[in-house]
A.B. asks: 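Here you go, one structure.
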2 protein chains.
Amino acid sequence: MERLDLPPDVVIRRLPLYARSLRYLQDEGIQFISSHGLGTRINVTAAQIRKDLSYFGEFGKQGIGYNVNKLLAHIEHILGLSKEWLMVLAGVGHLGQAIVRYEGFGSRGVRLVGIFDNDPAKVGQVIEDLPILPDEDLARVIHELGVKIAVVAVPASHAQSIVDTMVAAGIRAILNYAPVVLRVPDGICVRYIDPITALHSMTYYLAQEEDKRRSQTP
Amino acid sequence: MERLDLPPDVVIRRLPLYARSLRYLQDEGIQFISSHGLGTRINVTAAQIRKDLSYFGEFGKQGIGYNVNKLLAHIEHILGLSKEWLMVLAGVGHLGQAIVRYEGFGSRGVRLVGIFDNDPAKVGQVIEDLPILPDEDLARVIHELGVKIAVVAVPASHAQSIVDTMVAAGIRAILNYAPVVLRVPDGICVRYIDPITALHSMTYYLAQEEDKRRSQTP
DNA sequence: CGGACTTTGTGATACAATTCACAACATCTA
DNA sequence: TAGATGTTGTGAATTGTATCACAAAGTCCG
Ligand SMILES: NC(=O)c1ccc[n+]([C@@H]2O[C@H](COP(=O)([O-])OP(=O)(O)OC[C@H]3O[C@@H](n4cnc5c(N)ncnc54)[C@H](O)[C@@H]3O)[C@@H](O)[C@H]2O)c1
Ligand SMILES: NC(=O)c1ccc[n+]([C@@H]2O[C@H](COP(=O)([O-])OP(=O)(O)OC[C@H]3O[C@@H](n4cnc5c(N)ncnc54)[C@H](O)[C@@H]3O)[C@@H](O)[C@H]2O)c1
């Protein structure tokens, strides 16, 4: 196949979904899956899955579909999950502690190696074997360990400044829980986790339904 | 303006971002903002903001921009945030408790009115004035109070079945934290909060950088 | 072996979203 | 009043994404 143009970001964002579904298939002991079979599990059309994968190579067999183990290995490799990326967390409050304890993060491809807070009362406490360090150590740890990923769980008002520090120290990817849009240099990847925004986009549809209902029963 | 076609979902998803930014502007005491000014704050082009808003009406003034208070009120009204929507939560574990305590949820447009768990040891405990109820009461509460929004924070293996119960009882919008794609009837709105998937899409770009770096310094 | 099924990978096509570009209007200054 | 500046709202153009549809290749089975 000719792989001229690089895969668009929408495709990259779907790959982890494919990977997760393949892991469930693995757990179920299923060895082969067609694009159609995979698609029905995750509400994506078969054609889209095939086209997405075609950006990276040819992984299927006509008449059969995809070997679950092999396709998963391929996708994890494409996603860089065959290595282990180091990660730091800033802000060990309510949310931060929940993140540290969520085993999901540690499981695949990433490892939390440092947690930071600027509250002197918190510094020194240990959570899941990780001591809370002061902000002063943040840049040094990032730099010395070559950490590339950071999670931001500080109050919105402090998010931008801590991100500036992180980026200056070598962070290249940021998972941001604070409800602010971050300003970062080109090439730094940022993803937002924002349940409130998600909720507020759903209430739109609820309001629409309500309106329609009201206009039908006057 | 002619408002022939309904606004696409991408637009609806951006509105809460505009609203949040306008709230910050309000806090700063700023009374007028141009599409350009708003755009630079949230990394969106001015033209996109104007086009998005044009789906709903004309809110700006040439030469001036938008009145912050008025535009915010308009957007919140469009999003259905002038009413208060009731919400239930299923799964009061680590994550669920963090959600109950996160004041962000209560603040605007939505109110948590019931929390549910199937662990008998948890039922009866009270968190932030809300008693944990057993799953048996879920359908009744949804139905009797007319609850339309649900948050899912149960283990992945239990998510689909509890969602089926919720939808049968009248839930129309679901915020899902469990790492599974849900199957719901047409018309039910689902949003996924999925930090692991977000992380795994970022490692792709890290791996790309690494590859490039390696090929440059052989 | 041959014909009925399946399924992939991918150009071509259709659809969707974003950006461009500009007329129309508003304000300010002198 | 007039000219300079700034901003909106929106058709048209552009860019981006998803779907279609089918040749090619594999399986299955009598
Ligand atoms: N996206 C989500 O799902 C979600 C959920 C809950 C909270 N939040 C957001 O996450 C952030 C944290 O929420 P929380 O409930 O944990 O608040 P919290 O007050 O419990 O915790 C914040 C922590 O950050 C620390 N901190 C403050 N400034 C800091 C700095 N400059 N450097 C390092 N640490 C600093 C504080 O000491 C505290 O421990 C807030 O922005 C909140 O809006 C997001
Ligand atoms: N998206 C995220 O940000 C995020 C973060 C952490 C966890 N998670 C996911 O959220 C879910 C919960 O995670 P957690 O860390 O809180 O786990 P947990 O084990 O601490 O809590 C799960 C809770 O759900 C309850 N439960 C189980 N089955 C139930 C049912 N059928 N009805 C009602 N309650 C039920 C359990 O009793 C328990 O209290 C998991 O699916 C996890 O993968 C998501």
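As the structure is a prediction and not an experimental result, all values here were calculated from the model. Here is how names work: the chains are called A, B, and so on, in the same order as the sequence lines, proteins then strands, and each is numbered from 1.
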A.B. asks: So which one's nearest nucleotide on DNA chain D is more toward 5', Gly60(B) or Val10(A)?
C.D. replies: Gly60(B)
A.B. asks: Without decimals, in angstroms, what is the distance between Asp9(A) CG and dA18(D) P?
C.D. replies: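 About 11 Å, once rounded to whole Å.
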A.B. asks: Does Arg50(A) place a side-chain N or O at less than 4.0 Å from the phosphate oxygens OP1/OP2 of dG11(C)?
C.D. replies: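 The answer is no; no side-chain N or O of Arg50(A) sits under 4.0 Å from OP1 or OP2.
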A.B. asks: For Gln160(A) and Asp164(A), run side-chain hydrogen bond (donor to acceptor under 3.5 Å, both in side chains): C-alpha distance rounded to whole Å, both residues' side-chain angles, the deciding distance at 0.1 Å, then the answer.
C.D. replies: CA-CA 6 Å; Gln160(A) 185 62 60; Asp164(A) 292 342; 2.9 Å; yes
A.B. asks: Does dT17(D) have its OP1 or OP2 closer than 4.0 Å to a side-chain nitrogen or oxygen of Arg14(A)?
C.D. replies: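 Indeed not, no polar side-chain atom of Arg14(A) lies that close.
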A.B. asks: With respect to the phosphate group of dA18(D), does any side-chain polar atom (N or O) of Tyr55(A) fall under 4.0 Å of OP1 or OP2?
C.D. replies: no
A.B. asks: Report yes or no: is there a donor-acceptor pair, N or O only, under 3.5 Å between the side chain of Gln62(A) and the base of dT8(C)?
C.D. replies: yes
A.B. asks: So that I can tick it off, tell me whether Glu128(B) and Arg111(B) are bridged by a salt bridge, with the cut-off set at under 4.0 angstrom between side-chain N and carboxylate O.
C.D. replies: no
A.B. asks: Passes side-chain hydrogen bond (donor to acceptor under 3.5 Å, both in side chains), Asp9(B) versus Tyr205(A)? Steps please.
C.D. replies: CA-CA 10 Å; Asp9(B) 187 60; Tyr205(A) 296 101; 2.4 Å; yes
A.B. asks: Would you kindly give the CD1-to-P distance between Ile64(A) and dT8(C), to the nearest whole Å?
C.D. replies: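 It works out to 10 Å between those atoms.
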A.B. asks: In whole Å, I'd like the distance from the CD atom of Glu58(A) to the P atom of dG26(D).
C.D. replies: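 Those two atoms, CD and P, are 11 Å apart.
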A.B. asks: Does a side-chain heavy-atom distance below 4.5 Å link Tyr204(A) with Pro16(B)?
C.D. replies: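 They are not in side-chain contact.
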A.B. asks: In whole angstroms, how far is the P atom of dG9(D) from the CD atom of Gln48(B)?
C.D. replies: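 Atom CD in Gln48(B) sits about 15 Å away from atom P in dG9(D).
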A.B. asks: If we only count heavy atoms from C-beta on, is the Ser82(B) to Glu76(B) side-chain gap below 4.5 Å?
C.D. replies: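 A side-chain contact is absent here, since even the closest heavy-atom pair is not under 4.5 Å.
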A.B. asks: Starting at the 5' end of DNA chain D and moving along, which residue's nearest nucleotide shows up first, Lys51(A) or Gly63(A)?
C.D. replies: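 Looking at DNA chain D, the more 5' nearest nucleotide goes with Lys51(A).
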A.B. asks: Nearest to the side chain of Pro8(B) - dA17(C), dT27(C), dC20(D)?
C.D. replies: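 Of all the options, the side chain of Pro8(B) is nearest to dA17(C).
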A.B. asks: Please report the distance, rounded to the nearest Å, between CZ in Phe32(A) and P in dC28(D).
C.D. replies: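 In whole Å, dC28(D) P lies 10 Å from Phe32(A) CZ.
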A.B. asks: Starting at atom NE2 of His74(A), determine the distance to atom P of dT8(C), rounded to an integer number of angstrom.
C.D. replies: 15 Å
A.B. asks: Expressed in angstrom and rounded to an integer, what is the separation of Asn67(A) atom CG from dT8(C) atom C1'?
C.D. replies: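 Atom-to-atom, Asn67(A) to dT8(C), this comes out as 15 Å.
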A.B. asks: What integer distance in Å separates Leu53(A):CG from dG9(C):P?
C.D. replies: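 After rounding, the reported distance stands at 7 Å.
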A.B. asks: Look at Ser35(A) and dT7(C) and indicate whether a side-chain polar atom (N or O) is within less than 4.0 Å of OP1 or OP2.
C.D. replies: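 No, Ser35(A) has no side-chain N/O under 4.0 Å of OP1/OP2 on dT7(C).
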